[in-house]
Every structure is written in structure tokens, then in C-alpha cells.
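Below: one structure, written as C-alpha cells.
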Amino acid sequence: MTTTTMTMAKALNEGLRRAMERDPKVLLMGEDIGKLGGVFRITDGLQKDFGQDRVVDTPLAESAIVGTAVGLAIRGYRAVCEMQFDGFVFPAFDQIVSQVAKLQKRSDGVYTMGLVIRLPFQGGIGAIEHHSESPEAYFAHTPGLRVVSCSTPNDAYWMIQQSIESDDPIIFCEPKSRYWEKGEVDLENPPQGLYDAVVRRVGTDVTVVGYGSSVKTMLRAAETAQAEGVSLEVIDLRGIAPIDFPTLVASVQKTGRLIAVQEAPRTASISSEIVAELTERCFYSLRAPGLRVAGYHVPYPPARIEEEYRPSVGRILDAVDRVMDFEG
Amino acid sequence: MTTTTMTMAKALNEGLRRAMERDPKVLLMGEDIGKLGGVFRITDGLQKDFGQDRVVDTPLAESAIVGTAVGLAIRGYRAVCEMQFDGFVFPAFDQIVSQVAKLQKRSDGVYTMGLVIRLPFQGGIGAIEHHSESPEAYFAHTPGLRVVSCSTPNDAYWMIQQSIESDDPIIFCEPKSRYWEKGEVDLENPPQGLYDAVVRRVGTDVTVVGYGSSVKTMLRAAETAQAEGVSLEVIDLRGIAPIDFPTLVASVQKTGRLIAVQEAPRTASISSEIVAELTERCFYSLRAPGLRVAGYHVPYPPARIEEEYRPSVGRILDAVDRVMDFEG
Amino acid sequence: MIDEELVQLLTPEGERVTHPDYASTLTGEQILSMYRDMVIVRRLCNESTSLQRQGQLALWAPIQGQEGAQIGAGRALAPMDFTFPTYREHGIAWCRGVPPEDVLRLFRAVSTGGWDPQKYRHHVPTIVLGNQVLNAVGYAMGIQRDGADEAVLTFFGDGASSQGDVLEAFVWASSFNTPVVFFCQNNQFGISTPSSTQSRVPLFRRARGFGFPGVRVDGNDLLACYEVTRAALENARAGGGPTMIEAYTYRMGAHTTSDDPTRYRVDAEVEVWKHRDPIERIKALLVREYQTRPASFEAVAEEAEAFALKLRDDVLAMGRPDPLSMFDHVYAEPHPLVEEGRREMAALLAQEGAH
Amino acid sequence: MIDEELVQLLTPEGERVTHPDYASTLTGEQILSMYRDMVIVRRLCNESTSLQRQGQLALWAPIQGQEGAQIGAGRALAPMDFTFPTYREHGIAWCRGVPPEDVLRLFRAVSTGGWDPQKYRHHVPTIVLGNQVLNAVGYAMGIQRDGADEAVLTFFGDGASSQGDVLEAFVWASSFNTPVVFFCQNNQFGISTPSSTQSRVPLFRRARGFGFPGVRVDGNDLLACYEVTRAALENARAGGGPTMIEAYTYRMGAHTTSDDPTRYRVDAEVEVWKHRDPIERIKALLVREYQTRPASFEAVAEEAEAFALKLRDDVLAMGRPDPLSMFDHVYAEPHPLVEEGRREMAALLAQEGAH
Ligand SMILES: Cc1ncc(C[n+]2csc(CCOP(=O)(O)OP(=O)(O)O)c2C)c(N)n1
Ligand SMILES: Cc1ncc(C[n+]2csc(CCOP(=O)(O)OP(=O)(O)O)c2C)c(N)n1
Ligand SMILES: [Mg+2]
Ligand SMILES: [Mg+2]
């Protein structure tokens, strides 16, 4: 096993590089991704090595980035589109839900829409408005799309490659607050399937499930809970759409308690989906209702108070208390 | 009580007329809403009576319809924007989630965004693609917006007026397949609050909740179930965001069983939200998991097979059987 | 219709006029064959309208009056070019070889596409106005990367010209100098809205401000539409970048069979345009210049009738799709929710079947 | 910089030039006062940059080099006009009377707005590129309906000029002939992307194709920016409809304090533009033509220093907002989820407080 330590940003960069080396049809598109290497430097150095035709600094229009990626897909290319920030994916929303999500169907399978839309998502970096959004539920709700999120450098490295290889369109959510954290990357063997949920910490009392930057928060909560004698099983969802329910069911059948964590607001969200579906699948296993720890029902707040908005260790532990003490 | 019989289309038309008569700041904007009266004739005759400045035939661009409505709101106007069909709201998505939903907050309450976006939504009229979508979950998930849906001419008449009077932005979902069905309209007294859920049929065994065109389907299912000895309590949600949970809780505490119905796909949807939240609120009342009867996870199909896609009496009754027979 | 900015090679009376930049290169034989295309496509349109009236189609979007623009543009294509239509490019579909009954699948509501877009190099219909124009530019970016001698022809209407997607496509096409030709059929209406609402100046002028040429052509003049499109496509293939063509024409019929144009326009206007019929114009030319005999026109008419009969049969034979087909091709790779839905529906159908 | 299409009333050396359409109407006193504005705004910018370096601001978007464009445009406004900025219009905010510390609230990450937009008739910053341009056109539609003698001035950059929203705004402004002036600061970059990626032809030419005039003005020439904007606003108020102004300038600093421009541009270019500094140019004019004494410049400099000190104090005094304030003003009317969140957070905060 050849492993190297690198940041998630570097792992993504390396993953993109490998995908581009492997398949000449892969190209990257986005704002400032060439010379600048992207505002997060995820594409650093790639234009120098692969040229302007494969690492395309585009005019400033997200609908066009995605709309032309669709045309490139029809022509047999695989575009990896960078949205500079989560909050700027919305100008492209129409192309995503009306064309990207539907064209395989509309062409009766003649087209494959093997394109990837990279979104640096979630908050936690002290940014100004529109730079800390969590729009994954919009995409998960849309048939024809797939959504994934990485939480470690190793997953970043492999999942970006698996996403590019996929013939389906994938919204690839990158927890921007974790870009600079280091981790081991196994350069030889992919960890598991792109949509497989992974138990990051085994536990017995409560299943806590989330994705992206929440994984680290959940793990911290598990540490604290352990000290207080409560054992949390922490699951990294990875596949946001589709969700790997068998893995979640197995965990909840064991623990009997469920908490779903996300930064996005709660209404009609991924955590709503997890709670609703697991309630259906594990009705008699659940000793308390599944709870959701989510962003509040407000626009993402100014960064000085963002940590009060985001699911914190404290809020997760509060939910743990509630499911542990639940008596209806 | 002065009641008159009219179609939902006419009730909306009359409601718009009354709102315009009452408040000179109310204006209507949309594609083909003037001379033509809109493709569904909801605005029929209004341009003739209120002039081109108050019933504005716009250029063909939805982002601009909503984007200019925002500017009009800042200037103190109340724009009622018609999206010609549900599937054409997506070009305006960015303006809706980035500006409409956030500007009250961003201006610290100096602005009010009292605008209404009318969406003829759901399927059932044999239309071609993009004309039968149910995008309500996207909006319900977005803090700063409100979402409602009418299911009767009386509600249409009153809810459109209440929506226009509201200082908050409202996505107003009109079940287009019910436009031509007639009902009694009370021209004097509004039925209830804009977001209040209403029990349309009292029952004891299962709470069945939905909105828009599904209400009629649920009522038909209740008829059939009655014949088979099962009593359904049918609730018309009306307020999709926020949801009137107290009314739902009261019903589920009584029946102990819950089915949420919608045409939209199931993942991260309104029905997910209803099931998740009611599980939390009524954990010990529920004798079976709340079930969801929803559109399948596919793009809305060609109209010849749309009735297999939409929640049907058969599918609702199937879910009824499952909650009645539930043994885990 | 004396307009210096309008490219015309044939008067409404079918008399030739010269133009400094464009000359007709078509032979009499080619013109007759394109005449045949126009007649057949109009027949397709009429047949579809009656099929709709008889409840056999859910909807129909007629093209009467626009046959000259569509057959002119469609016949200017090289086989390897790729086209991105709206929902109204029946004439283009015909030129591309799409089986006519396939064109009707969308309108019979048995499909959301209708044909194999790669086989005919003709994208499936796009209903969300303007989306396809960006897709077309992306396809053209692919052509550039392949170094292929191909071009893209994409369509939109005067109404759609106001959509951000179309305008962004102009930016991109110019910025990347892509081999794409924007063909705007200004049929003067977006449903009820007159094109003057979309622009106070002629639409073709927009292109110039984005850095590439715009041309306004008489959209009811087959010869002019052919030559202008051919030149623009050739220029694109040769690396000359994008062109916008505004084909100035008129929607003689309703927007769709659901529409009632009497609410927003006067008969007199329609009458004026009847005299500019693209088919009659070519017929006059053929008679005058090529001495085409009545027998030839009759032969075309008969062929069109036979065509219509077959079309009708083909459409009536189109059964209701298997409801389970809605689960096909949603994704290229297996998806648990799709499979769950398929199983659920199969069980429900079996249950119903059992009753 | 000899460009026939560029309106200039002052050379980089501060010498007057004449223009057939525009003449300077400003008195020496006015020019000095605008000089003062430019100096203060630049000082604000420098102070903010150091505040950011010291960790007191989350981010800063500098305007060095664009002071001429912004003070020129800003001082051309009538009090009742309304402005729609991006995130970089600090000079406009200054002219509108927005308290300078309010401009920094967004960048200190204590607010997502910062000032009372109705009071100063200056909309809150818009970060999603292009959104505000449509909002501005809507506001102008309101002015029309009120029959008011007012106009709207809206800002965007060369990068944002590619966004569908900006282009749709052009369509609408033209179609409804709204009293709106589009002020595009072409500072030649959208972060790292050169403006040539957004357009191969000068941006101002785009307007003409949409049916209204476009003017390119030397953005580093205060006098020209003032006159061109004033004329366009007057024309708009008089019912003459929209104008697009492209202020051709240069972003001397980084895109924001997070940016590293050495990655994508060469120092030599920046050097060239240093000689076109809008402030130096006006200073030269004041000295040459109005014999302004060093003492006057020193007084301005001192004022700017005092201003900066006060600004710093004001910023440092800006406390962390009450976390519970995130629940305020989300809706105008009560909302159960907002109230639930408020209660939950209050309880959590109380719990923490109790520890
Ligand atoms: C984004 C979007 N908005 C609205 C519609 C509804 N609609 C369908 S056709 C049409 C008019 C289009 O006019 P034009 O572009 O001139 O094309 P034409 O129908 O005249 O060929 C409208 C408004 C749509 N299909 N897509
Ligand atoms: C819709 C959208 N996409 C991307 C961004 C990220 N972004 C912020 S500023 C900027 C460059 C803008 O360039 P320009 O319009 O020229 O304005 P300038 O910053 O030069 O004043 C980008 C890409 C954004 N804010 N909004
Ligand atoms: Mg048209
Ligand atoms: Mg710029």
C-alpha cells in the first residue's frame, strides 16, 4: 500500500490530474481555474500541463459553463465544471435540472451525461454571504442527478476520479473548510464504491450520520460522548443521492437511535429524507424518533456568528441527550 | 353569506382583480398575460381594465420577471409574477433563492419583499415535458420563502389575495389540472389563515395529507376506503412552507397512522419533511411508520403514462393497506 | 419589404433580385427538390393539426409560413454538421432524415424525445427556451477540440432571444470563436407577444455588439435562407467563428393547437403575409424560370398526400408506452430508487392485471 | 490611449482635451471637493486593507485606480436617484452618504448588508454577479409608474457583463425604455480572467445591439466620468431611456485581499497604469489650472488621516453580533421555524452561559 499524506485540496488536484491523464476526453471548465488555479487552487498547475483546451478559463457565466458542458457531453467529452462557490451554482440551476438531469432520458439512453459539477460547499471559513451554502438537497430531490460528498483526502482523491468515470451526472460537494486538512491517501486502491456510506467510528448507542465537514464534528462529538459514557456510531454518508440505506439500516438496527446532521436548513432536506426512510425501514428498532441537527431556517448568517448556525458538537450532544433520555 | 359557483381559474382571476382594486401598488407581470390573458386565462380581461402598466406583458425571460419584481418591491410595488408553467421557473431560481429569499434579511428589515410568484404546478393535463413539474420542495427548503397551494376555488380566491397582502415573498402553487373544476366561492369571508391546514374529511384510522391536485385524489381514496371499512382523515395542507404541524399532530394523535401524498419525487421532499417531523412529534402515537406516496424517481414521464406516475387512488389505498396491516 | 438590411434573392412574386454578398447557387433540380420538401413539410403540419383535432395528438406546433426558412437552412447543412432545434423545427428534422413519425412522438405524448439524436445528428427537441443554444455552443467547442470540419446550427425564436442562455451563448461563441451558427426564426411572435417587446431594433444587430456578424434574411425566401446559412456554416467550418442569422418571417398559424391567435392579432396582417408564402414564391420561380410543368407539381402534391396517409397510419399505430418504460434510461448506471419504483409499479400493474 | 471611441476630458498628465459631445461643467471648487472624495476613498481602501491584514476584517475588495470612475459617477447623481452597487462600490457609497464604517460591516463579517438602503438610496451590496442589474431595472420600472423625476444608476464589472441577468436587463431596459444607466467598470479583470475573455470587442458596443446607446469613457478621468454619467442620468430622467457606460479603467490592486495577482498578470502592466492614476491627474489639473496650493492638498491629506483613524476606531468597536440576531428580519411576518430556532439557540446559549 503506497500512501502519502496530503491535503484534501491537493488530493483533489491529484485526482483530477489522474483522470485527465487516463482519459483525453476529460476537460475542466470554470472561472479562474487556469492561470490562477482556481480560488482554492484545486486546479493548480493543470492548465500548464494540459493546455488551455483541457483546462478552460471560461467567461463569467455559470449557466453557460453547465450548458456548454452538456453540449460537450453530447460530443463525447467529460467536462468537470467548477462552480467557484456553492452560492453561484444557482444561475446554472435551470441547465442542471432541465437538461443535465433529463437528457439521458430524453434521448432514450443515446446520450450519456457523464459530467461532474464540483461545488465547494458548506461554511466554516469565515467567508461573506453566498460563499457558505449547502445546496445539496435541491440536487438530491432531482431525478436524473447524483450527489456525493467527500470528507477525507483519500475519499477526495478517489471519489473525484470515480465521479468523472461515471456515465451519470454527478454533483460533487467539497467541504471547503476541510480543504487544508491533511490525511493519508492510498494511491493504489480505491476505498469503496462511490455511494457507499462508511462507518467512521463504531458505536452502540446512537447512530449519527452526516457528510462533508460534519463528519469531523460528529467524530468530535463522539469523543466527548464517550467520555460521558455514551457510544456514538459515526457514519459518513458519502453518497448523498442515492443514499446507502442498507448501511444505515444495519447501524440503526444495532443502536436503536438515529441523529442526522447537516449544515443545510432542515425543511425538506437530506436529514428529513434519512429520518423518514429509516423510520419506515427500522420502525420497531427505533427506541426514540430520529432527530435532525441542521442549519436553522435563516439565510446563512454573517461569518462572525456562523459557528452558532452550523451543527456544533454541543448541538449534536444535545440531540444525543434527547434520544438517550427519550420517553415520548 | 354570498357564495357563487365558479372555476378555480375564474376564482383566481377574481381574486387578482380584487387585490388590484384594493391596492394600486399591485401589478401583474408575466409572459402573455395581457392581451392573451395568460395561457390558462387566469389574467383574462385584467389588462383591459387596469392597463398595460399594471398588467405587464414582459419580454421572455423568467430571471428578469423575478429580478425586476425585486426592484419593484424595493420601490414599494407588489408584483404578482406568473411563471407560464412550473418547468419554466428554473431560469428564475437564482433570483428567487439569492435575492427574493434574502433581501429582507440583508436590508435588516428595511425592505419588504411582498411579491408573489404564481406557478401552475403538478401534472394531469396531458401536457408535454416541463409542463407538469412539482418544484415546491426546492422553495420550501429555502429560508426566506413561503410556499402555499390551493385546492378549491374558494381557497384560490382568498389565498391569492392573502398572499398578495403578505409582506413576505410567496410561491403560490396552482394545481393546473383543477383550474376548470367548479366550486362555491364565499365572496365575503375568508376561510382561514393562509398557512392553516384544513381537515377536508374527518376520519379515524389513517391521516392522509397532501396538497393541490392530490386533495381530490385523497378524497376519492377515502370514499373507496370507507367502502372497505377504513376511515381516512383527509387533510389539505394549504401551507407547504411553513407547514401547519399542530393540525397534523392533532390528527395523527387521533388516528395513529400517517400517509403523506405528493406528485413531486420523494427524496428530500415535503412528504419526507412531514414524516420526519411527525415521527418526532408523535413518536408514541404512531402505530405504523408514516408512509409517502409520491412521484417516482424519474423525470416526469410522457403524458400518455402520467397517471401511472402520479399518486393514484390505487397507490394511496395500497399505502393504507400497508399502514393498517403493519406489524414491522 | 424594401429593406437594405434584408438579404433577399427572390421577391414575393418569385422574381430574382441580386444581392452584393450572396448569389443563388442552386440548380433548377435542387430547387424543385426543395420545393418538394416544403410541400411535404407543410402537409406534415396540416396532417398533424388534424390529428390533434381528432384527439390523436396532445398538441401540435405548426410551422406554416416558416417552411422557406427551415428547408433553406436545413438543406444548407453538410451531413456531419449537428443541429440543435426547439420544438418547432419540423422542417429541419425532415432535412436531417428524422423519420416523420418520430417527430410526432413528443406531440402524441408517448415520448419526451422522439428520435436517435446521434444517428440523425439532430438533437432532441428543447422546450425550455434557450437551453439548447448553450448546449450547441458546447458541442461546437467539442468540434474544435476534435479538429473536425464540422459546424453546428442551432435554432431559437424571437421570443427566446431575450433569455439569458441565448445571450450567454453569444458571449461564449464569440470568446471561443466556436463553429456555431445561430439561426433565429423571427416569426414575430412569442405566443401572443410581438417581437417588438423583445427588441426595439432588428434582432440581427445584437450579434455585432458581441463581436460577430449578424445577418437578416427574408425568411420566406428559400434561396436567400439557403445561401446565407450555407455561407455562415462554411465560414464556421473554416474557423471564421459564429454568425447570427435572423430569418424574418411570420407564423401563419397559431402558436400551438392550444393557442387562439384571434385574441392578439388581426386578420389583415395575416392576409398580407399570405402573399409572401414561401412555397408559392418558389413555385412561381420554377414556372417562370425552369418551365416546371403542372405535372411535376401534381406529382409532388400526390406524394405529399401519400406521405400524409402513411404518417397518419404510423401515428395511429403508436401505442401507449409501457408505463414501466419511465424507469428506463433515467441513469446510465443502476440506481436503487429507480429499481424500487420499477418493482413497485410492476407489482401494482400485476395486481390490477389480476383483477 | 488615443482612442476615438473613448471619451476623455483630461489627459493622464492632467491637461484638458475637448470632446465633441461632452464639456466639463465643474468649477474648481467642485473639482477640489471631488479630489478630496477620491483621496478619502483611497485612504478608506488602504486602511481597510491593513485592517484585513491585521485580522480585523474577513476580506476586503480594493478600488485603487477606480476612484475616478466612482467619484465621477457618484457625484453625478441627483439626491433622489437610486443606486445598485456590487461589492466594490465604496466610492459610490461614500457619495451617497453611507457611513464609512457601515461599508465595512460586510467585510468584517458582522452583517450581510450594512446600511439602510432606503435612507441612503443605495441598495445593499450584491455579491451574486449581475443579480442587482435586473433589480435596478425593476426599480426603474417603479419610477416610471410613479412618474417621478428620478433615475437609477447600477454597477457591474467586465466579468459580470457575461451573466445572463445583465444581458436580460439590457433587453428589459430597452423594451420598457426605463430610466436606468448601466455603469460597467471595466477594470480589465474578473479576478484573474482578462476582460478579453468576456468580449472580443469593446464592451460598450453591446448596448447598441440592444437598442440603446453605449459610451466608453476613460475611467481614470474624473471629469469625463462625471459628465458622461450626468448626461446619461439626465437623459434617463427626461424619458430618454437607458444608456450603458463602460468606464475603461484598471484594477491596481488585487481582486480582494484573498487574491494573488502575481499569478496572472505582470508588473509592467501595473506600472503603465500607475501613470494614469485618477487622483494624480486631478491634482495636476488643480495645480495647473486652479493654482491650488500645497496647503490645500495637505489639508485633504490630513483630513484623510483623521478619517482613517476614526474609521479604524469605529471598526474595532464593532462587536460580534448577537447570534440570536440571525433570526431577525428573515421574514416580515412571524414564522414558526424561525421562532423555534430562536428558542433553541437561546436555550443553548443560556446553557453555555450557565457553565
Ligand atoms: C423558459 C421558458 N419560458 C416559457 C416557455 C413557454 N413558451 C413556450 S413557446 C413560448 C414562446 C416562444 O416564442 P419564440 O421564441 O419566438 O418561438 P416560437 O414559438 O415563435 O417559434 C413560450 C413563452 C418556455 N417553453 N420556456
Ligand atoms: C454568479 C457569480 N459567480 C461567481 C462569483 C465569484 N466572483 C466574485 S467577483 C468575481 C469576478 C468579477 O469580475 P468583475 O465583474 O469584472 O468585477 P470586479 O471584481 O472586477 O469589480 C467572481 C468570479 C460571484 N460572485 N457570482
Ligand atoms: Mg417567435
Ligand atoms: Mg472587473
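Computation of the quantities below employed the complete heavy-atom set of this structure, encompassing side-chain atoms and omitting hydrogens, waters and symmetry-equivalent molecules. Chain identifiers are assigned alphabetically (A, B, ...) following the order of the sequence lines, protein sequences preceding nucleic acid strands; residue numbering begins at 1 within each chain.
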- prompt: If you round to the nearest 0.5 Å, how far is CZ of C:Phe210 from CD of D:Gln198?
  reply: 12.0 Å

query: In this structure, are over 12 heavy atoms from other groups packed under 6.0 Å from D:Asp21 atom CG?
result: yes

statement: In terms of heavy-atom pairs under 4.5 Å with chain C, the winner among D:Ala207, D:Gly214, D:Ser162 is D:Ser162

query: Pick from C:Val201, C:Val166, C:Leu167: which one has the most heavy-atom pairs with chain D under 4.5 Å?
result: C:Leu167

message: Heavy-atom pairs under 4.5 Å with chain C - which of D:Ser161, D:Ser175, D:Ala169, D:Gly130 has more of them than the others?
response: D:Ser175

message: Tell me the closest heavy-atom pair linking D:Glu168 and C:Gln163, and the distance in Å.
response: OE2-C, 3.6 Å

field: Interface residue of largest heavy-atom contact number with chain D, from C:Pro202, C:Ser199, C:Gly209, C:Ser196, under 4.5 Å
entry: C:Gly209

- prompt: In Å and rounded to the nearest 0.5 Å, what is the OG1 to CZ distance from C:Thr197 to D:Phe176?
  reply: 7.0 Å

